Amino acid sequence: MAIMMTAALVAAACSGGSNSASPPTSVPAIPDEPGGVVVNDKGVSLRVGTLLERSIDINADGTNTTAAIAGMNEFSVDLYRAVSAKESGNVLISPYSVTFALSMIYAGAEGQTKDEMTAVLHADGVADWHEGINAYDLSLDARTAGSPTEWNSANKVWTTPGLDLTVEYLDVLTGDYGSPLAVADFGANADGERRIINEWISQETNELIPELFSAGSLGPATAMVLVNAIALDAPWEFPFDPNRTSMGPFTRQDGSSVDVDMMHYDEFLPTAFSGSYQAVELPYGGGALSMVVIVPNDFDDFESTLTADVVDEVVESISDGGIHLSMPKWSARTKVTLNEVLTELGMPSAFGGGADFSGMTGSPGLFLDRVEHEAFIEVDEAGTRAAAATGASMAMSHGPTIIVDRPFLYVIRDKNAGTTLFIGRVLDPTAG
């Protein structure tokens with residue numbers, strides 16, 4: 001079973017270039033002049049600063065990591081509520097992936113643009129945001145290594161050779177995100193570069209997101225494309241027996257009912273019951289990650305008041321207890337442009353002529369052109385399969401029964417750190 005999430009961010013300016021390149025596969029020696037262009041052994045043109053490799057200090061300042069995780073969880077709910085308010089039907093996003101894509105842009109923001117992005121990402125109070133999320137990302141890699149749940153996170157950046165970038169910014173991309181810059185010709189060969197980027201995203205998502213950037217979405221004005229991709233292969237710790245799956249009713253928000261494939265089992269799973277919701281936690285293989293399914297009594301009211309603290313309260317109230325569980329199989333796909341959402345969340349200056357990304361180049365000129373997000377999920381008896389892309393260029397009495405037969409929310413989370421990796425809702429399991 002597999003979950004994949006990809007994020008890409010496009011920064012645009014009126015500049016072009018002249019060297020087509022595929023994504024880098026290895027890094028050569030630092031050029032004589034940091035920030036210059038070199039060619040690796042695969043013939044790929046790269047731009048690097050003074051660093052060749054990503055920092056792998058998992059034990060970096062713990063206060064930065066803790067604060068960054070808290071900020072990521074706040075942003076998770078902000079983003080979910082903003083997207084779900086604009087979308088009808090089922091919704092799925094990966095705040096984790098969007099955070100990494102935006103953070104690579106945030107590293108070059110200055111002035112008002114930096115202040116706005118700090119607030120949106122909830123990065124205020126974090127002495128070194130980039131060190132914090134890098135250390136957390138690496139720790140998640142380490143805790144899932146060798147387990148049945150396979151996790152991978154990667155970052156990739158393409159830039160026009162005509163765009164001068166500061167050595168400091170290049171070093172943040174390499175040191176904290178493991179991404180030296182591949183040189184791309186968006187001026188004369190924008191569509192070819194678009195295909196190269198889409199191919200990389202498709203590979204990272206096991207071909208579930210084959211074309212994030214549509215024809216014409218990149219052009220001569222594109223100066224940079226930043227991509228984050230995450231992949232998660234997540235079988236259930238306790239798989240459902242397919243022979244027990246049967247048709248059952250699911251009541252939608254309007255009171256109408258639809259028959260869906262309902263999965264069943266009796267297991268001692270962590271659960272929570274309150275006056276306003278029922279919740280169950282379904283661990284993935286190895287125990288590092290899990291899906292928490294929340295079934296509110298009043299879905300609209302619960303969703304409208306959802307905060308990171310509410311999610312924490314639900315998770316903290318979960319305790320071990322056997323149940324009879326019935327849960328639908330479902331799949332969903334969300335595709336949304338995030339420009340308006342991010343503007344409304346509080347970073348409008350990033351998208352206009354007043355953007356200040358001088359931390360990248362040493363001077364004004366760059367701005368965010370578009371932020372696209374697409375996500376897919378499929379949940380069945382064996383586990384979870386999903387993919388997404390953001391482009392910015394869960395012989396004793398088993399006790400109570402939880403029947404997930406009405407709209408519900410779900411969170412795929414890192415159990416140890418409490419980080420939200422995916423968050424979504426299901427209003428109709430039959431609506432893909």
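These numbers were taken from a predicted model, which means no experiment stands behind them.
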Set out, in order, the CA-CA distance, both residues' side-chain angles and the distance that settles side chain to side chain contact (heavy atoms under 4.5 Å, CB included) for Tyr284 and Glu237, then state yes or no. CA-CA 5 Å; Tyr284 290 113; Glu237 183 76 18; over 6 Å; no

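- For Thr149 against Ala234, the heavy-atom pair with the smallest separation is OG1-CA, 4.3 Å.
- In this structure a side-chain-to-backbone donor-acceptor pair under 3.5 Å is present from Ser94 to Ser97.
- One side chain, Ser256 or Asp254, offers a donor N or O that lies under 3.5 Å from an acceptor on the other.
- Using a 4.5 Å heavy-atom threshold, the side chains of Met247 and Asp261 count as touching.
- Proximity of a side-chain donor or acceptor of Asn90 to a complementary backbone N or O of Leu427 within less than 3.5 Å is detected.
- Remark: side-chain polar atoms of Thr222 are paired, donor with acceptor, to backbone N or O of Gly219 under 3.5 angstrom.
- What you find for Pro328 and Val404 is that their closest heavy atoms are CD-O, 3.3 Å.
- With sequence neighbours left out, the side-chain hydrogen bond (donor to acceptor under 3.5 Å, both in side chains) criterion links Ser202 to no other residue.
- Relative orientation of the Trp330 and Phe408 rings is perpendicular, given thresholds of 30° and 60° on the angle between their planes.
- Using a 4.5 Å heavy-atom cutoff, the side chains of Leu269 and Glu281 are not in contact.
- A donor-acceptor contact shorter than 3.5 Å links the side chain of Asn198 to the backbone of Leu212.
- Looking at Val225 and Phe186, their side chains come closer than 4.5 Å, going by heavy atoms from C-beta outward.
- A donor-acceptor pair is defined here as one N or O able to donate and one able to accept, closer than 3.5 Å; such a pair exists between the side chain of Asn73 and the backbone of Thr420.
- When all heavy atoms of Tyr410 and Val91 are compared, the pair lying nearest together is OH-O, 4.1 Å.
- At a threshold of 4.0 Å, the pair Lys329-Asp380 does not count as salt-bridged, since none of the basic side-chain nitrogens sits closer than that to a carboxylate oxygen.
- Arg370 contributes atom CZ, which lies 6.5 Å from atom OG1 of Thr337 (distance to the nearest 0.5 angstrom).
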Could you go through Asp312 and Arg413, starting from their C-alpha distance and side-chain angles, then the distance that decides it, and tell me whether this counts as salt bridge (Lys or Arg N to Asp or Glu O under 4.0 Å)? CA-CA 11 Å; Asp312 287 342; Arg413 57 190 296 273; over 6 Å; no

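- Note that CG of Leu173 and OG1 of Thr159 are 9.5 Å apart. Values are rounded to the nearest 0.5 Å.
- The closest donor-acceptor contact from the side chain of Arg406 to the backbone of Pro296 lies under 3.5 Å.
- Using a 4.5 Å heavy-atom threshold, the side chains of Phe268 and Ile323 count as separate.
- Looking only at atom types and distance, the side chain of Tyr277 has a donor-acceptor partner in the side chain of Ser317 under 3.5 Å away.
- For the pair Lys86 and Glu340, the tightest heavy-atom approach, listed with the atom from each and the gap, is NZ-OE2, 3.1 Å.
- Among all heavy-atom pairs drawn from Asp78 and His122, the shortest one is OD2-NE2, 2.6 Å.
- Remark: the backbone N or O of Phe213 is paired with a side-chain donor or acceptor of Arg194 at under 3.5 angstrom.
- Applying the salt bridge (Lys or Arg N to Asp or Glu O under 4.0 Å) test to Arg244 and every residue at least two apart in sequence or in another chain returns nothing.
- In this structure, the side chain of Asn134 engages the main chain of Ser55 through a donor-acceptor pair within 3.5 Å.
- Nearest heavy-atom pair across Met117 and Ala109 is SD-CB, 4.1 Å.
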Using side chain to side chain contact (heavy atoms under 4.5 Å, CB included), reason through Thr160 and Asp185 one step at a time and then give a plain yes or no. CA-CA 6 Å; Thr160 174; Asp185 179 7; over 6 Å; no

Are Tyr136 and Thr419 close enough, and set up right, to give a side-chain hydrogen bond (donor to acceptor under 3.5 Å, both in side chains), and what steps lead you there? CA-CA 10 Å; Tyr136 170 64; Thr419 312; 3.1 Å; yes

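- In this structure, Asp241 and Tyr265 have side chains that are not in contact, with every pair of non-hydrogen atoms separated by 4.5 Å or more.
- In this structure, the side chain of Thr113 engages the main chain of Asp356 through a donor-acceptor pair within 3.5 Å.
- Distance CZ/Arg143 to CG/Asn416: 4.5 Å, rounded to 0.5 Å.
- In this structure, Arg81 contributes its side chain and Ser304 its backbone to a donor-acceptor pair below 3.5 Å.
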Using the side chain to side chain contact (heavy atoms under 4.5 Å, CB included) rule, take Val227 and Asn155 through it: C-alpha gap first, then chi angles, then the decisive distance, then the call. CA-CA 6 Å; Val227 177; Asn155 303 300; over 6 Å; no

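- Phe367 is not listed as a side-chain neighbour of Phe351, based on a closest heavy-atom distance of 4.5 Å or more.
- Interatomic distance, Thr144 OG1 to Asp414 CG, rounded to the nearest 0.5 Å: 8.5 Å.
- Residues Tyr96 and Trp151 place their aromatic rings such that the two centres sit under 6.0 Å apart.
- Glu199 CD to Glu204 CD: the interatomic distance, rounded to the nearest 0.5 Å, is 13.0 Å.
- Note that OG of Ser76 and CD1 of Ile93 are 7.0 Å apart. Values are rounded to the nearest 0.5 Å.
- For the pair His130/Tyr177, a side-chain contact is recorded, criterion being any heavy-atom separation below 4.5 Å from C-beta on.
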Apply side chain to side chain contact (heavy atoms under 4.5 Å, CB included) to residues Ser276 and Asp298 and explain how you reach the verdict. CA-CA 7 Å; Ser276 59; Asp298 185 329; over 6 Å; no

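- Between Leu325 and Ile403 the shortest side-chain heavy-atom distance does not fall below 4.5 Å.
- For Thr334 and Glu87, the side-chain atoms include no donor-acceptor pair closer than 3.5 Å.
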